[in-house]
A.B. asks: 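Have a look at this one before I ask anything.
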Amino acid sequence: MRVAARMSTIGTESAFEVSARARALEAEGRSIIHLQIGEPDFDTPANVRAAAKAALDAGATHYPPFAGIPPLREAIAADASARKGFAVEPGQVFVTVGGKGVMLYAILGLVDPGDDVLVPDPGYPIYESLTRFVGANPIPIPIRMANDFRLDVDELASLVTPRTRVLILNSPANPTGGVLTRSDLERIAELANRHDLWVLADEIYGRILYDGAEHVSIASLPGMAERTIVLDGFSKTFAMTGWRMGYAIVPPVLAKTYGQLIINTISGVATFAQVGAVEALVGQQDDVDAMVVEFKTRRDLIVDGLNAIPGIECRRPVGAFYVFPSVAGTGLSGAELTERLLVESGVCVLAGSAFGHHGDDHIRISYANSQANLTEALTRIRALVEPLVATRV
Ligand SMILES: Cc1ncc(COP(=O)(O)O)c(C=O)c1O
């Protein structure tokens with residue numbers, strides 16, 4: 001008995017595997033601080049939960065229309081038109097299982113074997129994994145700390161070839177927290193127009209911004225709404241990771257493609273959950289605002305704390321809830337330090353290399369954890385790293 005040959009090309013998302021390992025250590029009685037998980041530690045807002053519960057009791061237990069229930073498609077279109085700066089019609093909106101669903105359908109629907117797909121490196125690992133899975137070539141776009149984790153547009157231009165089919169952007173970014181500026185996006189848009197590229201714009205952290213940073217959707221720039229698939233969702237903004245709900249905003253020309261892929265895979269997303277999602281968008285937004293305020297306090301706590309540890313250098317990102325410090329000064333690679341932090345210190349982070357080779361000297365820390373736990377984690381990291389650095393000099 002054997003599995004399909006294509007399974008040798010698929011990758012993984014190490015956060016899920018590392019979490020299982022950390023839980024196994026906890027089961028042995030070890031104290032572990034979880035900084036590996038990319039999810040808010042807050043509960044889904046009460047009004048959203050109440051709306052979904054009421055929907056269940058009201059009988060919203062049948063198949064939904066495959067693209068999403070009309071009130072949700074309308075709410076997403078109105079919200080996106082207001083926040084993203086371009087006019088979105090409900091017919092362009094497709095509700096998917098997680099933001100991940102949008103990614104899967106973009107790659108299945110647009111990429112042929114042998115095509116090139118430009119993916120951020122470091123970047124969310126599923127972009128590369130799915131690209132390989134369909135027999136295409138992921139081409140890494142180097143993302144560097146020295147450039148505040150924004151891609152270099154000239155370097156990006158040098159990577160475009162006649163085989164390039166899709167450019168994947170993620171701003172604010174996982175794993176770095178980097179945010180592309182309007183001027184970066186204008187230059188990228190010009191490149192995409194010139195080379196006739198599709199763009200998958202992953203904007204799932206678009207509302208988690210600090211210090212007045214502006215969220216610019218590339219789809220709002222001239223010529224881009226026709227070639228951009230916007231990926232967004234409920235997981236991060238509304239602390240709804242377990243609801244598994246995301247959405248695509250696609251150019252009208254891709255509506256049939258998205259519809260067919262949804263019909264062939266999931267048939268649609270849980271009906272009562274979609275009712276909750278309507279409330280998330282149209283109801284009060286205080287919980288989202290409060291969450292972002294708290295994340296900012298935690299960001300400063302973790303950035304200042306890490307920079308006070310010798311051998312670690314950490315930028316202060318203006319988006320998402322991750323930091324991606326360089327640990328080159330410790331003498332260890334990101335992967336080596338990650339392993340020692342878990343086993344010796346009980347601090348679970350991810351190796352930067354899990355996001356691409358340009359992350360080799362880094363670790364990724366999710367600061368979606370309490371200030372008390374972050375403070376304790378910093379104490380433990382310092383206790384491990386300080387002696388390492390002291391013996392180097
Ligand atoms: C950049 C990025 N895109 C998409 C996703 C997937 O989101 P969802 O959980 O809604 O599938 C994640 C989750 O970590 C992410 O970090």
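Positions are given from 1 along the sequence. All ligand and atom numbering here is 1-based and tracks the order in the structure. Atom set for the values below is all heavy atoms of this structure, side chains included, hydrogens, waters and symmetry mates excluded.
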A.B. asks: Report yes if the side chains of Ser220 and Lys84 come closer than 4.5 Å at any heavy-atom pair, otherwise no.
C.D. replies: no
A.B. asks: Show me which atoms of ligand 1 lie under 4.0 Å from any heavy atom of Asn170.
C.D. replies: 1 (C)
A.B. asks: Counting each atom of ligand 1 from 1 as listed, which ones have a heavy atom of Asp202 under 4.0 Å away?
C.D. replies: 1 (C), 2 (C), 3 (N), 4 (C)
A.B. asks: Between Ser217 and Glu203, does any side-chain donor sit less than 3.5 Å from a side-chain acceptor?
C.D. replies: yes
A.B. asks: Can Asp57 and Lys53 be counted as an ion pair, charged N to O under 4.0 angstrom?
C.D. replies: no
A.B. asks: Does only the side chain of Tyr127 get under 4.0 Å from ligand 1, or the backbone, or both, or neither? Count heavy atoms.
C.D. replies: side chain
A.B. asks: Tell me the protein heavy atom at minimum distance from atom 7 (O) of ligand 1, and give that distance in Å.
C.D. replies: Ile204 CD1, 3.5 Å
A.B. asks: State the atoms of ligand 1, each with its element, that fall below the 4.0 Å cut-off from a heavy-atom position in Arg244.
C.D. replies: 8 (P), 9 (O), 10 (O), 11 (O)
A.B. asks: Which atoms from ligand 1 have a heavy atom of Gly99 less than 4.0 Å away?
C.D. replies: 7 (O), 8 (P), 10 (O), 11 (O)
A.B. asks: Is it the case that ligand 1 has an N or O less than 3.5 angstrom from some N or O of Leu231?
C.D. replies: no
A.B. asks: Measure from atom 12 (C) of ligand 1 to every heavy atom in Tyr124, Trp243, Tyr247 and give the option owning the shortest one.
C.D. replies: Tyr124
A.B. asks: Less than 4.0 angstrom from a charged side-chain N to a carboxylate O is my criterion; do Arg340 and Glu336 meet it?
C.D. replies: no
A.B. asks: Any carboxylate oxygen within less than 4.0 angstrom of a Lys/Arg side-chain nitrogen, looking at Arg380 and Glu376?
C.D. replies: yes
A.B. asks: For Ser235, counting its heavy atoms only, list the atoms of ligand 1 lying under 4.0 Å from any of them.
C.D. replies: 8 (P), 9 (O), 10 (O)
A.B. asks: Only heavy atoms of Met103, strictly under 4.0 Å: list the atoms of ligand 1 that pass.
C.D. replies: 3 (N), 4 (C)
A.B. asks: Can you find a non-hydrogen atom of Tyr205 under 4.0 Å from ligand 1?
C.D. replies: yes
A.B. asks: Side chains of Val269 and Ile266, heavy atoms from C-beta outward: is any pair under 4.5 Å?
C.D. replies: yes
A.B. asks: Taking Asp112 for the side chain and Asp115 for the main chain, is one N or O donor matched with an acceptor at less than 3.5 Å?
C.D. replies: no
A.B. asks: Between Tyr322 and ligand 1, does any nitrogen or oxygen pair lie at a separation below 3.5 Å?
C.D. replies: no
A.B. asks: Kindly confirm or rule out a cation-pi arrangement of Arg73 over Phe94, judged by NZ or CZ under 6.0 Å from the six-membered ring centre and within 45° of its axis?
C.D. replies: yes
A.B. asks: With a cut-off of 4.0 Å, which atoms of ligand 1 are near a heavy atom of Lys236?
C.D. replies: 12 (C), 13 (C), 14 (O)
A.B. asks: Taking the side chain as every heavy atom from C-beta outward, state whether Pro317 and Val323 have any pair of such atoms under 4.5 Å apart.
C.D. replies: yes
